[in-house]
**Student:** 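Once you've had a glance at the structure underneath, I'll fire off some questions.
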Protein chains: 2
Amino acid sequence: MNREETESKVKNDCPLTYAFNIIGGKWRLPIIWALWQNKTLRYNELKRRIHGITNMMLSQALKEMEDYGLVVRKQYMEIPPRVEYSLTEAGMELVPSLHSLAKWGKQMQNKRNSIGEA
Amino acid sequence: MNREETESKVKNDCPLTYAFNIIGGKWRLPIIWALWQNKTLRYNELKRRIHGITNMMLSQALKEMEDYGLVVRKQYMEIPPRVEYSLTEAGMELVPSLHSLAKWGKQMQNKRNSIGEA
DNA sequence: CTGGATCCCATCGGATACTG
DNA sequence: CAGTATCCGATGGGATCCAG
């Protein structure tokens with residue numbers, strides 16, 4: 001850990017690798033998806049929508065994504081606490097590429113499913 | 001391992017997740033990249049271009065990608081053995097989406113680098 | 001309500017050595 | 001040349017409990 005990865009543990013090899021490091025992991029895509037559909041969600045709303053995620057995974061993923069500039073965290077100083085999350089500009093700009101990839105993935109799935117038919 | 005992941009260990013949740021499962025991992029992107037630039041490469045050519053990859057990682061990644069229909073393996077029955085790899089149609093169709101993502105990644109890198117200026 | 005700390009385990013990536 | 005087998009350490013994901 002004494003190399004140039006001191007800052008963010010991301011290897012800056014190429015932009016593509018960089019992008020994959022940012023959106024990789026098990027929960028980031030679902031989070032992006034949920035935030036994209038709902039613009040703004042509170043912590044527990046997010047948690048309920050993602051189903052299966054634990055507090056630790058969610059808060060960890062959110063924090064990392066905030067560091068990358070993907071999501072915005074807005075904390076209201078109230079009792080009980082309220083924290084709202086939403087995508088940044090950069091986060092939204094990512095979505096089209098994701099759709100493109102998803103479209104490709106769908107084609108791949110269809111190919112798999114139609115292997116047995118003439 | 002007794003669920004519906006019996007076939008390919010890929011969760012079919014959504015096409016995007018599917019896509020990420022296919023191109024995820026440390027070496028698949030570099031391999032796709034190398035094959036896209038060179039159309040066709042032999043095993044050792046590939047290995048030399050990727051630098052740092054071991055036999056095990058390379059052959060394993062190639063086999064998985066072949067299973068997914070991303071690359072084609074062409075073996076010539078000669079002595080010494082010759083095996084050539086190239087991208088399938090599906091593999092090539094993936095590249096534009098990758099470029100899109102890479103472009104986004106580049107923007108992100110630039111933002112990072114220009115934090116201290118202005 | 002919104003998290004943090006700790007501990008655990010599965011999986012991934014890899015070094016090394018060997019084979020057809 | 002083109003891989004495979006084995007073994008191992010690192011890493012990431014997760015359960016559970018705790019805290020402001």
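Because the structure is predicted, anything quoted here is derived from the model rather than measured. By convention in this document, chain letters (A, B, ...) are assigned in the order of the sequence lines, proteins followed by strands, and residues within each chain are numbered from 1.
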**Student:** Give, ordered by number, those residues of residues 48-61 of chain A having at least one heavy-atom distance below 4.0 Å to an atom of DNA chain D; if nothing qualifies, reply none.
**Tutor:**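 By residue number: T54(A), M56(A), M57(A).
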**Student:** If I take atom CH2 in residue W27(B) and atom P in nucleotide dG3(D), what distance separates them, rounded to the nearest angstrom?
**Tutor:**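 Atom-to-atom, W27(B) to dG3(D), this comes out as 17 Å.
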**Student:** Applying ring pair (Phe, Tyr, Trp, His ring centres under 6.0 Å), can you list everything that pairs with W27(A), at least two apart in sequence or on another chain?
**Tutor:**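 With neighbours one apart ignored, the set is empty.
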**Student:** Taking the side chain of V83(B) as heavy atoms from C-beta outward, which of dG13(D), dC1(C), dG3(D) is closest to it?
**Tutor:**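 Shortest atom-to-atom distance from the side chain points to dG3(D).
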**Student:** Might you work through the ring pair (Phe, Tyr, Trp, His ring centres under 6.0 Å) test for H99(A) and W36(A), ending with a clear yes or no?
**Tutor:** CA-CA 12 Å; H99(A) 271 108; W36(A) 182 70; 5.2 Å; yes
**Student:** Provide, to the nearest angstrom, the distance between the CD atom belonging to E45(A) and the C1' atom belonging to dT2(C).
**Tutor:**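 It works out to 13 Å between those atoms.
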**Student:** Please list residues of residues 32-42 of chain A whose heavy atoms come under 4.0 Å from any atom in DNA chain C, ordered by number; otherwise none.
**Tutor:**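 The stretch gives R42(A) as the residues lying under 4.0 Å from the strand, ordered by number.
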**Student:** For the residue pair Y18(A) and Y68(A), does the interplanar ring angle fall in the parallel (under 30°), tilted (30 to 60°) or perpendicular (over 60°) class?
**Tutor:**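 Geometry flag for Y68(A) against Y18(A): perpendicular rings.
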**Student:** Write down the distance between CD (E64(B)) and P (dT11(C)), rounded to a whole number of angstrom.
**Tutor:**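 Rounded to whole Å, this separation is 14 Å.
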**Student:** When the distance from NZ of K26(B) to C1' of dG14(C) is rounded to whole Å, what number comes out?
**Tutor:**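 Distance, rounded to whole Å: 8 Å.
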**Student:** Of all the heavy-atom pairs spanning R28(A) and I22(A), show the shortest one and how long it is.
**Tutor:**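 Between these two residues, the closest heavy atoms are NH1-O, 2.7 Å.
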**Student:** Using salt bridge (charged side-chain N to carboxylate O under 4.0 Å, His left out) as the criterion, list what pairs up with E89(A), not counting sequence neighbours.
**Tutor:**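 Counting only residues at least two positions away or on another chain, E89(A) forms no salt bridge (charged side-chain N to carboxylate O under 4.0 Å, His left out).
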**Student:** What is the separation between atom CG on L46(B) and atom P on dC1(D), rounded to the nearest whole Å?
**Tutor:**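 Rounding to the nearest Å, CG of L46(B) and P of dC1(D) are 14 Å apart.
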**Student:** Pick one: which of I23(A), L70(A), L87(A), L62(A) meets side chain to side chain contact (heavy atoms under 4.5 Å, CB included) with I31(A)?
**Tutor:**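 Output: one option passes, namely L62(A).
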**Student:** Describe the nucleic acid contact of Y85(A) in one word from base, sugar-phosphate, nothing, applying a heavy-atom distance below 4.0 Å.
**Tutor:**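 If one applies the 4.0 Å heavy-atom cut-off, Y85(A) turns out to touch the sugar-phosphate alone, with no base involved.
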**Student:** Go through the steps for R49(A) and L41(A) under the test side-chain contact (heavy atoms from CB on, under 4.5 Å), then give the verdict.
**Tutor:** CA-CA 10 Å; R49(A) 269 162 218 274; L41(A) 287 173; 3.6 Å; yes
**Student:** Whole Å only: how far is the CG atom of L29(A) from the P atom of dG12(D)?
**Tutor:**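 My rounded result for the distance is 17 Å.
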**Student:** If each of G24(A) and L62(B) is mapped to the nucleotide of DNA chain D with the nearest heavy atom, which maps nearer the 5' terminus, i.e. the 5' end?
**Tutor:**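 Looking at DNA chain D, the more 5' nearest nucleotide goes with L62(B).
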**Student:** Quick one: pull up CD in E66(A) and OH in Y85(A) and give me the separation to the nearest 0.5 Å.
**Tutor:**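 Going from the CD atom of E66(A) to the OH atom of Y85(A) covers 7.0 Å.
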**Student:** Say you draw a straight line from NZ of K47(A) to CE of M57(A); how long is it, rounded to the nearest 0.5 Å?
**Tutor:**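 So the gap between those two atoms works out to 12.0 Å.
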**Student:** Angle between the two end axes of the helix from dC1(C)-dG20(D) to dG20(C)-dC1(D), five base pairs per end, rounded to 10 degrees?
**Tutor:**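 Computed from the C1' atoms at both ends, the axes differ by 50°.
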**Student:** Nearest whole Å is fine: how far is dG12(D) P from K63(A) NZ?
**Tutor:**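 Whole-Å distance recorded here is 16 Å.
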**Student:** Testing the basics here: between F20(A) and L101(B), what is the closest heavy-atom pair and its distance to 0.1 Å?
**Tutor:**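 Here F20(A) and L101(B) meet closest at CE1-CD1, 3.7 Å.
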**Student:** To the side chain of P81(B), which of dG14(D), dA2(D), dT2(C) is closest?
**Tutor:**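 From the listed options, dA2(D) comes nearest.
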**Student:** Expressed in angstrom and rounded to an integer, what is the separation of Y43(B) atom OH from dT19(C) atom P?
**Tutor:**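 In whole Å, dT19(C) P and Y43(B) OH are 17 Å from each other.
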**Student:** Which residues pass the salt bridge (charged side-chain N to carboxylate O under 4.0 Å, His left out) test with E84(B), not counting sequence neighbours?
**Tutor:**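 So E84(B) forms a salt bridge (charged side-chain N to carboxylate O under 4.0 Å, His left out) with R82(B).
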**Student:** Is the phosphate of dC1(D), meaning OP1 or OP2, less than 4.0 Å from a side-chain N or O of K47(B)?
**Tutor:**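 Looking at the OP1 and OP2 atoms of dC1(D), neither is under 4.0 Å from any side-chain N or O of K47(B).
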**Student:** Same cluster or not: V72(A) versus M92(A), using hydrophobic residues (I, L, V, M, F, W, Y) connected whenever any side-chain heavy atoms lie under 4.5 Å apart?
**Tutor:**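 No, no single cluster joins them.
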